[in-house]
Amino acid sequence: MVIPNNTNIFIYGEDEPCYTQNKLVLRKRTKRNIIDSLEELGIDANEAYKMVDNTHGLYVPLKKKLFDGAMYDKPDWIEGHSDVVIAALLCGKWTEATGDVLVFEELSGKAYSDCKKELGKYLHRENPYIVSNNSYRGSNMQLASVEDAWEELDLYINDEMWDKFISLFYEVLIESEPIFEYPFEKHFEASIYAKKPEWSPTLKKGMIRTLIMRAYYRGHEENQKQIDNIVAKVLDTITSKERWGYISQYLPELCEASPESVLRKLESEIEVSQGLIDLFAEKDGDFMTSRHYYTNVLWAVEQLIQQKKYVARALEWLWEIDSHNIKFSINNSPKGVLDVVFCAWINESALTVEQKIELARSAIERYPNAWDVIASKLPHGTSSICSTLNTPKYRRIDEPEELYVHEVNKTYIEYLRMCIDRAYTGADRWIKILQHVKSYDINIQKEVFEKLVFICKKMSDEEKIRIKNEIRYEIFRHRYFEDADWSMPQEVLSEYECVMNKIVVGEKIYDYLYIFSHVYDFPLLNPIPYSKEENTEIHNQNYILREEEINERIKKFKEKGYSIDRLIQLAVKEKYDVVGEVLAQFYCDGLFDEKVFCSLMENDKEGKYVYDYVSYLYRKGIVDLSEVIEKVKSISDNKNLLTNLISLELVENYENALIVKENEDIKKMYWSRNGRLRISDKAEHGVFIWAINECKKYGSFNTYLELLYDIKDKISVQELYKATLEISDIKSDVASSMTDYYLKEIFNILQQTFIDDDEKCAELATLEWMCRNVLEWEYMKCMQKIMKDDPTFYALLVSIIYKADDNENIDEEKRKLANKVYSGFDKAKFCPTEKEGEVIYENLKKWIEKFKELLINQKQERLFGNLVGRLLAYSPIGEDGYSPCEAVRMVIEEYYTDSLKTAYVVAEENKRGVHTVDAGKSELILHQRYQKNAEALQERYPYTADIYFAISDNYKREAEYERKRAEDEW
């Protein structure tokens with residue numbers, strides 16, 4: 001029956017022939033999309049991930065998971081359960097590495113080619129047995145649904161095959177991998193050139209999973225002891241750091257298969273280390289390239305923490321490792337795990353609240369770092385926990401008990417009490433307690449204060465004043481921000497003030513040290529509270545209150561007849577911020593005091609506070625700087641202080657400048673110091689020229705650049721040009737964070753002025769080349785012009801970096817030179833003869849011909865196509881809106897070679913740089929864009945179009961690969 005205007009949709013299976021050309025192919029959904037859809041249904045993110053990971057997002061296994069259903073139609077791979085099918089079950093996942101193939105053949109009793117043929121029948125179907133996965137790590141075969149496969153096929157595994165598997169498992173797993181023949185810090189790069197292992201990591205992980213599925217998931221308890229023994233036997237082969245590094249890659253899975261064996265091995269390392277401590281301490285590269293193998297060990301221990309049977313032992317092991325005080329470059333560390341376990345407001349472990357408290361108390365008594373860990377768990381000590389614990393994939397954990405508010409509060413109180421009991425007379429520990437105690441009930445706070453006041457009687461004055469000042473600062477902070485949600489009420493702050501006054505120092509001078517606190521944090525007991533609307537005015541009022549309080553305290557200090565020498569001695573020792581300035585302004589009433597100055601000189605060996613003292617008085621015009629410098633010379637040989645004092649001078653007349661009279665050593669320190677030269681606004685032009693010459697003679701590369709940048713508007717462009725050229729005569733030091741900025745700004749002025757002056761442009765280009773390791777190519781404008789106008793320098797670089805056609809011998813000197821210039825050569829990305837976005841064919845052809853002739857003379861003609869292709873890829877867009885421009889198209893048509901095409905394609909694709917992976921969507925857009933470009937050129941410029949078709953095809957293949965990877969991986 002025909003239905004008018006009806007649209008018929010025919011759906012073909014993957015194995016059914018379809019002869020229609022315009023067919024719509026439905027792609028497999030990406031794993032990310034499936035997970036997102038499951039989360040939208042209300043499934044927990046972790047559960048959704050596990051569900052898709054186990055089923056590979058396949059319809060039938062996923063449906064079974066979602067609806068907890070049974071498999072009514074038994075697939076033929078279950079009915080047949082051949083040795084090949086069982087071999088695939090036991091391997092779990094594998095590649096076609098030599099060792100993997102041998103294992104598969106040993107288990108199946110057949111040639112691998114026959115096995116592949118049989119398994120191929122179970123690949124592409126509604127309910128497949130195995131799937132083929134492609135990823136950045138390579139392709140592999142694996143069970144489509146691990147759990148379904150084991151549920152259906154477990155009963156067909158006979159003892160003979162299982163024993164054979166166990167024997168093979170041991171042989172496979174104890175064989176290390178070639179990458180561990182290299183030092184740990186080389187593993188990142190060695191992953192590229194090291195030999196591939198005979199047995200793939202994929203197979204090893206698949207076989208370990210088989211142990212888990214057999215003994216635990218399928219409940220064969222009779223096999224668990226056998227598995228414990230074989231895992232222990234594997235772990236017994238570890239006798240070095242390198243061996244630990246290798247095995248650690250599989251430790252989380254081994255721990256799931258045999259937690260007892262793994263824990264015993266870890267415990268044995270505490271008694272007699274066989275490389276594990278060294279593995280934790282290994283500094284194996286920087287943040288980007290290091291491997292951090294020890295994190296695998298921590299992930300295994302995290303599994304144990306979630307099992308009641310092992311949690312106490314696992315925590316004891318973590319405390320032991322933490323006691324080694326190893327510095328870790330990333331957050332993963334034993335302390336990081338302990339932070340999660342002992343956090344009061346979450347429960348991630350198998351511990352009850354009571355057990356957590358008791359284990360915390362025991363740890364504080366036994367381990368040196370435990371006090372700090374538990375103290376950090378007091379209220380507001382940990383605002384967030386960055387990660388949860390690693391959970392076994394199949395082995396059941398003991399679910400953490402749900403926490404209630406009263407249990408959290410109880411934990412906080414018990415933590416506080418045990419911290420107080422072990423704080424003893426340590427000021428640092430009591431200060432930490434004070435930072436957290438405000439979150440407790442006022443009665444608990446009073447108990448703490450009583451204990452603190454009692455303990456303080458046993459402390460030194462030095463420790464007492466640190467605690468008093470901490471309390472004083474807390475009072476100031478809460479009264480200043482009295483409207484904040486976290487601010488304590490006034491009655492509580494009055495209690496704090498009372499406690500502060502009860503802490504009595506024996507030497508009263510200590511009570512005056514707080515006057516040297518920084519102006520922004522000066523601890524006024526009764527500041528004017530902060531207000532957003534009147535912030536500036538309030539700040540000024542509090543500044544006045546600060547001055548009044550300092551004046552009042554100093555007045556009392558003098559009335560009591562206390563020793564200023566002792567006050568300075570204590571203030572310098574405690575490293576207060578503004579000792580010199582406060583003494584100059586308040587104690588000396590803005591006048592130079594010989595006694596104070598000499599006391600500072602005697603106690604301040606570094607000279608920081610002496611400098612501050614003199615600096616304040618000099619700014620106020622009170623002291624003669626030259627006289628002070630002479631006093632310093634008569635008392636001390638502190639060259640650093642002397643240099644800093646001389647740098648205070650505002651230079652107006654260079655002939656009378658203080659630095660002129662100093663010796664060579666002081667001049668070198670002066671002109672090389674980190675600090676700008678102070679030149680008066682009244683200074684004449686000659687002062688700037690003098691400064692340039694002196695800095696060139698005595699300064700560093702960075703200070704000279706900084707000076708040129710600072711005075712660039714005070715001298716002529718010609719003078720700036722001449723001074724900049726002098727950079728080449730100054731010994732370069734390590735570039736500062738501002739070096740590239742100074743260079744860019746100075747060069748920008750000179751480039752704009754002299755870009756059309758051939759002689760000066762060439763000089764600047766040479767200077768730009770000298771700075772190639774600091775300057776980016778876009779800022780090397782004179783060098784760009786030189787290379788675009790003439791190929792000679794570019795050809796010279798080629799002759800240095802590449803060998804000649806006659807297989808010339810390369811000596812060590814030339815190798816070193818090639819290494820030096822390569823970074824600049826690699827940066828040089830330009831289109832020859834391009835000027836302001838335009839390329840003239842005649843000019844370009846002339847450049848190309850000369851470049852070719854130079855290469856021939858250098859016996860490097862073979863490089864012509866490669867080098868030209870690399871440069872032409874940086875052509876501007878043509879007048880018709882397509883790439884490259886017309887002149888470049890004509891040159892490509894004339895000089896086209898396969899090597900030119902390859903180089904052009906690589907250069908064009910490299911322009912893309914770093915990008916976000918998006919399942920091939922962006923690659924598909926690029927494929928279409930380049931295809932459109934190629935189609936527009938193919939009639940008039942077929943060779944050029946061929947290049948763009950090649951790029952388009954590459955992106956199409958990459959889009960397919962990325963899509964497949966998103967379907968198979970994540």
Side-chain angles (χ1 to χ4, degrees), residues 360-361 364-365 368-372 374-376 378-379 381 412-479 488 490-517 521-526 549 552-553 556-557 559-563 565-576:
R361 182 176 287 111
I364 284 181
E365 293 172 357
N369 299 333
W371 193 95
D372 287 322
I374 301 305
S376 72
L378 296 175
Y412 279 142
I413 292 170
E414 293 301 322
Y415 279 180
L416 177 64
R417 285 177 176 155
M418 63 183 77
C419 285
I420 290 172
D421 289 343
R422 290 281 166 170
Y424 302 126
T425 57
D428 288 337
R429 290 190 171 186
W430 277 103
I431 287 172
K432 284 185 180 180
I433 290 171
L434 286 171
Q435 290 168 350
H436 299 293
V437 73
K438 54 185 169 286
S439 301
Y440 289 85
D441 177 81
I442 185 61
N443 293 322
I444 293 177
Q445 291 189 54
K446 287 180 178 179
E447 289 179 27
V448 174
F449 292 152
E450 286 178 14
K451 179 90 172 183
L452 173 61
V453 172
F454 175 77
I455 291 293
C456 277
K457 294 175 182 177
K458 303 177 184 179
M459 291 183 184
S460 66
D461 284 347
E462 187 177 318
E463 290 176 315
K464 287 178 185 177
I465 203 62
R466 289 182 59 209
I467 292 173
K468 283 191 75 170
N469 286 346
E470 177 66 27
I471 297 173
R472 178 184 288 274
Y473 178 73
E474 284 296 311
I475 295 169
F476 158 73
R477 195 166 67 93
H478 284 262
R479 283 179 176 164
M488 291 185 284
Q490 287 302 318
E491 56 268 25
V492 176
L493 293 174
S494 297
E495 189 70 33
Y496 272 66
E497 200 167 343
C498 183
V499 171
M500 182 185 72
N501 293 329
K502 286 180 181 179
I503 300 174
V504 181
V505 292
E507 189 177 1
K508 299 302 180 183
I509 293 178
Y510 277 94
D511 278 330
Y512 293 85
L513 288 173
Y514 76 91
I515 67 173
F516 300 118
S517 300
D521 291 325
F522 190 82
L524 291 164
L525 290 179
N526 294 288
E549 175 148 350
E552 184 182 334
R553 295 298 287 165
K556 191 170 183 180
F557 182 89
E559 289 173 355
K560 294 285 185 179
Y562 293 142
S563 168
D565 284 339
R566 181 60 174 158
L567 181 64
I568 290 172
Q569 183 185 53
L570 294 175
V572 171
K573 182 182 178 182
E574 293 299 316
K575 297 182 179 179
Y576 279 83

> Please walk me through it: do Asp511 and Arg553 pass salt bridge (charged side-chain N to carboxylate O under 4.0 Å, His left out)?
Replying inline: CA-CA 10 Å; Asp511 278 330; Arg553 295 298 287 165; 5.6 Å; no
>> Taking the side chain as everything from C-beta on, heavy atoms only, tell me whether Met500 gets closer than 4.5 Å to Leu525.
In response: yes
> Do Ile503 and Ile471 touch side chain to side chain, with heavy atoms closer than 4.5 Å?
Replying inline: yes
>> Please determine whether side-chain contact (heavy atoms from CB on, under 4.5 Å) holds for the pair Glu495 and Lys446, giving the CA-CA distance in whole Å, both sets of side-chain angles, and the decisive distance to 0.1 Å.
In response: CA-CA 8 Å; Glu495 189 70 33; Lys446 287 180 178 179; 3.8 Å; yes
> Any chance NZ of Lys556 has more than 12 other-residue heavy atoms, nucleotides or ligands included, within less than 6.0 Å?
Replying inline: no
>> I need the Tyr562 OH to Phe557 CZ distance, nearest 0.5 Å.
In response: 8.5 Å
> Is Glu474 salt-bridged to Arg477, cutoff N-O under 4.0 Å?
Replying inline: yes
> Heavy-atom count around Glu552 CD within 6.0 Å, excluding the residue itself: above 12?
Replying inline: no
>> When you compare the side chains of Tyr496 and Gln445, does any donor N or O come within less than 3.5 Å of an acceptor on the partner?
In response: yes
> Just how far is it from atom CD of Gln435 to atom OG of Ser376, taken to the nearest 0.5 Å?
Replying inline: 12.0 Å
> What are the two closest heavy atoms between Ala360 and Tyr415, and how far apart are they?
Replying inline: CB-CE2, 3.7 Å
>> Using a strict threshold of under 4.0 Å (side-chain N to carboxylate O), is an ion pair present between Glu463 and Arg466?
In response: no
> Just how far is it from atom CD of Glu497 to atom CD1 of Ile475, taken to the nearest 0.5 Å?
Replying inline: 5.0 Å
>> Determine whether a donor-acceptor pair (N or O, by modelled atom type, separation under 3.5 Å) exists between the side chain of Asp461 and the backbone of Glu507.
In response: yes
> Which atoms form the tightest heavy-atom contact between Leu378 and Leu416, and what is the distance?
Replying inline: CD2-N, 3.6 Å
>> Return the CD to CD1 distance between Glu470 and Ile433, rounded to the nearest 0.5 Å.
In response: 12.0 Å
>> Does any part of the side chain of Lys432, heavy atoms only, come nearer than 4.5 Å to the side chain of Asp428, both counted from C-beta?
In response: no
> Which atoms form the tightest heavy-atom contact between Cys456 and Lys464, and what is the distance?
Replying inline: O-CE, 2.8 Å
> Is Asp372 salt-bridged to Arg429, cutoff N-O under 4.0 Å?
Replying inline: no
> Any donor-acceptor pair under 3.5 Å linking the side chain of Trp430 with the backbone of Ile467?
Replying inline: no
> Does Val572 offer a backbone N or O that forms a donor-acceptor pair with the side chain of Lys575 under 3.5 Å?
Replying inline: no
> Without hydrogens or angle criteria, can the side chains of Glu447 and Tyr440 be said to hold a donor-acceptor pair below 3.5 Å?
Replying inline: no
> Side chains of Arg479 and Asn526: does their closest heavy-atom pair fall under 4.5 Å?
Replying inline: yes
> Any Lys/Arg nitrogen of Glu414 or Arg361 sitting under 4.0 Å from an Asp/Glu carboxylate oxygen of the other?
Replying inline: yes
>> Would you say Arg422 and Tyr424 are linked by a side-chain donor-acceptor pair, where the criterion is simply a distance under 3.5 Å?
In response: yes
>> Treating Asp521 as the side-chain partner and Ser517 as the backbone partner, does any N or O pair qualify as donor plus acceptor under 3.5 Å?
In response: no
> Can you tell me how far CG of Leu513 sits from NZ of Lys468, rounded to the nearest 0.5 angstrom?
Replying inline: 11.0 Å
>> Could you check whether any side-chain heavy atom of Leu452 comes within less than 4.5 Å of a side-chain heavy atom of Leu434, counting everything from C-beta outward?
In response: yes
> Is there a side-chain contact (heavy atoms from CB on, under 4.5 Å) between Lys457 and Val504 once you walk through the steps?
Replying inline: CA-CA 8 Å; Lys457 294 175 182 177; Val504 181; over 6 Å; no
>> Just by distance, no angles: are the side chains of Asn469 and Tyr510 close enough, under 3.5 Å, to form a donor-acceptor pair?
In response: no
> Are side-chain heavy atoms of Glu549 and Tyr514 found at a separation under 4.5 Å?
Replying inline: yes
> Run the side-chain contact (heavy atoms from CB on, under 4.5 Å) check on Phe476 and Phe522 step by step: do they pass?
Replying inline: CA-CA 8 Å; Phe476 158 73; Phe522 190 82; over 6 Å; no
>> Quick check for you: to the nearest 0.5 Å, what is the distance between Phe516 atom CZ and Leu570 atom CG?
In response: 9.5 Å
> Could you walk me through whether Glu462 and Lys573 pass the salt bridge (charged side-chain N to carboxylate O under 4.0 Å, His left out) check?
Replying inline: CA-CA 10 Å; Glu462 187 177 318; Lys573 182 182 178 182; 3.1 Å; yes
> Where is the tightest heavy-atom contact between Cys419 and Trp371, given as atom of each residue plus distance?
Replying inline: O-NE1, 2.9 Å
